[in-house]
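Convention: sequence-line order gives letters A, B, ...; per-chain numbering from 1. Values reported hereafter were calculated over all heavy atoms of this structure, with side chains retained and with hydrogens, waters and symmetry mates removed.
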There are 2 protein chains.
Amino acid sequence: MMSGKPAQKVTNVDAVAVDDRSVASRLFAILDAFAAPAGATSLTLTLTAIAQRAGLPLSTTHRLVAEWVSWGGLSKHENGQYSLGMKLWELGVQTPTARNLRTIALPYLEDLYETTREHVHLAILDGRDALYLEKLSGHHVVRLISRVGARLPLHSTGVGLVLLAYAPTDVVQEYLATSLQRFLPRTVTEPEAVRKRLAEIRLMGIARMSEEMTAGSSSLAAPIRDRTGQVVAAVSIVTRTTDTVDPEQEQAVRLAAQGVSRALGYRRAQQ
Amino acid sequence: MMSGKPAQKVTNVDAVAVDDRSVASRLFAILDAFAAPAGATSLTLTLTAIAQRAGLPLSTTHRLVAEWVSWGGLSKHENGQYSLGMKLWELGVQTPTARNLRTIALPYLEDLYETTREHVHLAILDGRDALYLEKLSGHHVVRLISRVGARLPLHSTGVGLVLLAYAPTDVVQEYLATSLQRFLPRTVTEPEAVRKRLAEIRLMGIARMSEEMTAGSSSLAAPIRDRTGQVVAAVSIVTRTTDTVDPEQEQAVRLAAQGVSRALGYRRAQQ
DNA sequence: CAGGCGCTTCCGTCCAGTGGAAGTTCTTGG
DNA sequence: CCAAGAACTTCCACTGGACGGAAGCGCCTG
């Protein structure tokens with residue numbers, strides 16, 4: 001504890017904030033470098049690019065990347081580019097929610113796809129986003145923004161709105177406290193209007209969205225409950241927008257959601 | 001060890017091999033603790049269990065696990081148990097092979113499932129194993145050992161044998177150099193017999209397996225090629241063993257494999 | 001209520017990680 | 001064809017963060 005003289009020893013001089021991240025967080029920063037952009041296809045990076053994104057010196061990056069590669073978390077391609085490695089995939093699919101929910105839900109999603117021939121989604125609530133666990137699509141030429149692993153907003157997607165409708169009040173509170181992005185003219189962003197929709201969804205047991213995220217497409221989404229009756233996920237189909245409501249499609253989505261819920265151990269509450 | 005005087009000051013010294021693993025490899029050892037058992041459902045571990053499996057002191061484990069949790073690679077449950085975290089899943093599904101192959105193949109796998117109503121598998125060659133990338137199953141009660149992310153032997157599964165049939169000769173050489181496990185009486189384990197099968201598969205473009213891994217089930221598998229003509233994956237259906245060969249099923253598997261290959265940019269080589 | 005087990009926190013020691021710099025390989029363009 | 005530059009790899013002396021034994025805490029269980 002130097003007293004008196006204002007610490008001369010500060011050799012490194014000011015401005016050099018020395019980066020007090022732990023080894024672990026540096027390693028993580030490297031992986032995060034691959035995740036960054038939302039819809040991007042980047043997925044492969046050079047060493048220098050990784051160093052930049054992670055904010056690490058090149059030599060440090062070099063060493064740490066080598067550690068990842070030797071474990072299998074990253075893989076190095078002939079051209080010198082790096083990408084996420086199969087080991088991550090292997091561990092990733094072991095994740096309880098992914099493994100259990102997906103395994104149980106998949107057959108019902110397949111049925112839903114077969115009867116409707118529309119894009120089928122399965123998503124859970126994660127933080128402030130709808131996280132897409134599964135997506136079935138057939139040979140459609142139509143591209144959607146969604147893909148497995150994607151995160152989309154809660155207020156502009158069918159699954160998102162369903163998840164929000166059954167979320168704890170404080171989550172809703174917090175979500176609506178921030179300003180919601182308007183993607184298209186029909187996106188509902190006004191907090192009170194959203195609340196009204198949520199109430200309606202709880203009442204109807206289904207969410208109807210139309211042109212709120214992607215022009216020309218609409219969706220129908222329903223909640224999936226586990227044995228405790230809590231809503232843990234949502235299924236949806238995404239269709240081309242039409243003027244008429246198709247009651248059969250609604251029924252199909254409902255059935256799929258009920259099927260999965262039942263498989264999860266949910267027994268319709270008495271009443 | 002104790003020699004003479006019960007080593008007083010000799011606090012550490014000899015015998016203590018100090019564990020020269022890097023921080024990174026310790027972090028990885030922690031994740032690997034969750035992967036360990038093949039068909040196990042363990043998936044959640046206590047801190048102590050992690051420490052044991054990873055071979056690390058408790059306090060070190062405690063600190064490193066906390067790092068994983070704060071990043072999202074592990075998650076801590078109310079009961080104090082840990083499991084793999086969603087972050088791993090998110091990064092895992094971004095892995096190029098998983099993302100691209102799966103996305104492209106899925107529609108064809110769905111078609112195959114619809115026409116045959118049998119278990120459908122998609123696998124790639126990884127090291128000495130067939131790694132299962134996708135599995136569609138419907139509501140079958142019949143359980144299979146396979147699941148997404150599973151690794152099964154090359155010589156006793158349909159997809160495995162197909163992958164081996166089109167693998168570089170040195171891979172085949174090396175694989176057959178070790179003794180192959182016999183799961184059932186009909187499992188072919190004799191190297192020369194396997195080679196003969198591989199040749200036959202290359203000739204026929206399809207593999208037929210019968211009761212070589214699981215009693216009562218058979219499979220039909222076909223190769224998937226990329227634009228360079230190289231075999232990069234295999235599709236299969238697993239059926240209950242019957243006496244007769246079903247040419248329609250064979251055709252369906254072939255079509256699915258061809259569909260995926262075409263979608264990957266493969267154009268049937270002239271001749 | 002004592003004993004045991006598992007988790008968390010603390011802290012002095014010391015060595016593994018750090019990153020600047022030099023060396024090497026690959027690429028570009030004059 | 002060679003020079004200049006960019007990207008990658010290796011080296012190594014310094015030092016601050018990781019290490020882990022030990023003590024403290026909280027929760028069961030008999």
Side-chain angles (χ1 to χ4, degrees), chain A residues 1-2 7-31 33-34 42 44-71 73-83, chain B residues 1-2 6-31 33-34 42 44-71 73-83 85:
Chain A
M1 266 286 139
M2 313 255 131
Q8 287 289 328
K9 316 310 281 295
V10 189
T11 44
N12 277 338
V13 203
D14 47 344
V16 185
V18 209
D19 183 0
D20 58 348
R21 285 184 285 181
S22 65
V23 183
S25 57
R26 285 168 216 233
L27 281 164
F28 300 154
I30 286 177
L31 280 204
F34 287 85
S42 59
T44 80
L45 298 172
T46 66
L47 188 65
T48 313
I50 299 172
Q52 280 170 351
R53 290 179 178 230
L56 293 171
L58 193 60
S59 54
T60 302
T61 309
H62 182 258
R63 192 163 20 84
L64 296 183
V65 163
E67 299 255 29
W68 277 118
V69 171
S70 79
W71 181 65
L74 290 179
S75 58
K76 187 178 187 172
H77 302 251
E78 344 62 48
N79 54 28
Q81 301 252 319
Y82 293 88
S83 67
Chain B
M1 271 235 116
M2 308 272 148
Q8 294 284 323
K9 317 307 285 292
V10 190
T11 44
N12 299 331
V13 208
D14 57 343
V16 184
V18 207
D19 182 2
D20 59 349
R21 284 185 287 181
S22 64
V23 182
S25 57
R26 287 169 215 231
L27 281 165
F28 299 155
I30 286 176
L31 281 205
F34 287 86
S42 60
T44 80
L45 297 172
T46 66
L47 189 64
T48 312
I50 300 173
Q52 280 169 351
R53 290 178 177 230
L56 292 171
L58 192 60
S59 55
T60 302
T61 309
H62 182 256
R63 193 163 18 84
L64 296 183
V65 163
E67 300 254 28
W68 277 118
V69 171
S70 80
W71 180 65
L74 290 179
S75 59
K76 187 178 189 172
H77 302 252
E78 343 62 50
N79 54 26
Q81 302 252 320
Y82 293 88
S83 68

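Put simply, A/Arg63 has no side-chain N or O that comes within less than 4.0 Å of OP1 or OP2 on C/dG19. At C/dT18, one or more side-chain N or O atoms of A/Arg26 fall inside 4.0 Å of OP1 or OP2 (strictly under the cut-off). Between C/dG19 and A/Thr60, a contact under 4.0 Å exists linking OP1 or OP2 to a side-chain N or O.
One atom, CD of A/Glu78, and another, P of C/dT25, lie 20 Å apart when rounded to the nearest Å. The distance from atom CG of A/Leu27 to atom C1' of C/dG17 is 11 Å, rounded to the nearest whole Å. The distance from atom NZ of A/Lys76 to atom C1' of D/dA7 is 11 Å, rounded to the nearest whole Å. The distance from atom CZ of B/Arg21 to atom P of C/dA16 is 13 Å, rounded to the nearest whole Å. Going from atom CG of B/Leu47 over to atom P of D/dG26 covers 17 Å, rounded to whole Å. Here the C1' atom of nucleotide C/dG17 and the CG atom of A/Leu56 are 12 Å apart, to the nearest Å. Summarising the geometry, the separation between CD1 on B/Ile30 and C1' on D/dA18 is reported as 13 Å, rounded to the nearest angstrom. Between B/Ile50 atom CD1 and C/dT8 atom P there is a gap of 11 Å when expressed in whole angstrom units.
Both B/Glu67 and A/His62 lie close to DNA chain D; mapped to their nearest nucleotides by heavy-atom distance, the more 5′-ward contact belongs to A/His62. Map A/Val23 and A/Gly80 each onto its nearest nucleotide of DNA chain D; the residue landing nearer the 5' end is A/Gly80.
Residue side chain A/Ser59 reaches the base of C/dG20 through a donor-acceptor N/O pair under 3.5 Å, judged by distance alone.
Across all non-hydrogen atoms, the minimal contact from A/Ser25 to B/Glu67 is N-OE1, 4.3 Å.
Side-chain contact between A/Val23 and A/Arg26 is absent, with no heavy-atom pair separated by less than 4.5 Å. In this structure, the side chains of B/Arg21 and B/Leu56 come closer than 4.5 Å at one or more pairs of heavy atoms.
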Checklist entry - Can A/Thr44 and A/Asn79 be said to form a side chain to side chain contact (heavy atoms under 4.5 Å, CB included), step by step? => result CA-CA 10 Å; A/Thr44 80; A/Asn79 54 28; over 6 Å; no
Next on the checklist: Pair A/Val65, A/Val69 - check side chain to side chain contact (heavy atoms under 4.5 Å, CB included), show working.
Outcome noted: CA-CA 6 Å; A/Val65 163; A/Val69 171; 4.1 Å; yes
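Nearest to the side chain of B/Tyr82, among D/dT9, D/dC19, C/dT8, sits C/dT8. Nearest to the side-chain atoms of B/Leu58 among the listed nucleotides C/dG19, C/dT8, D/dC19 stands C/dT8.
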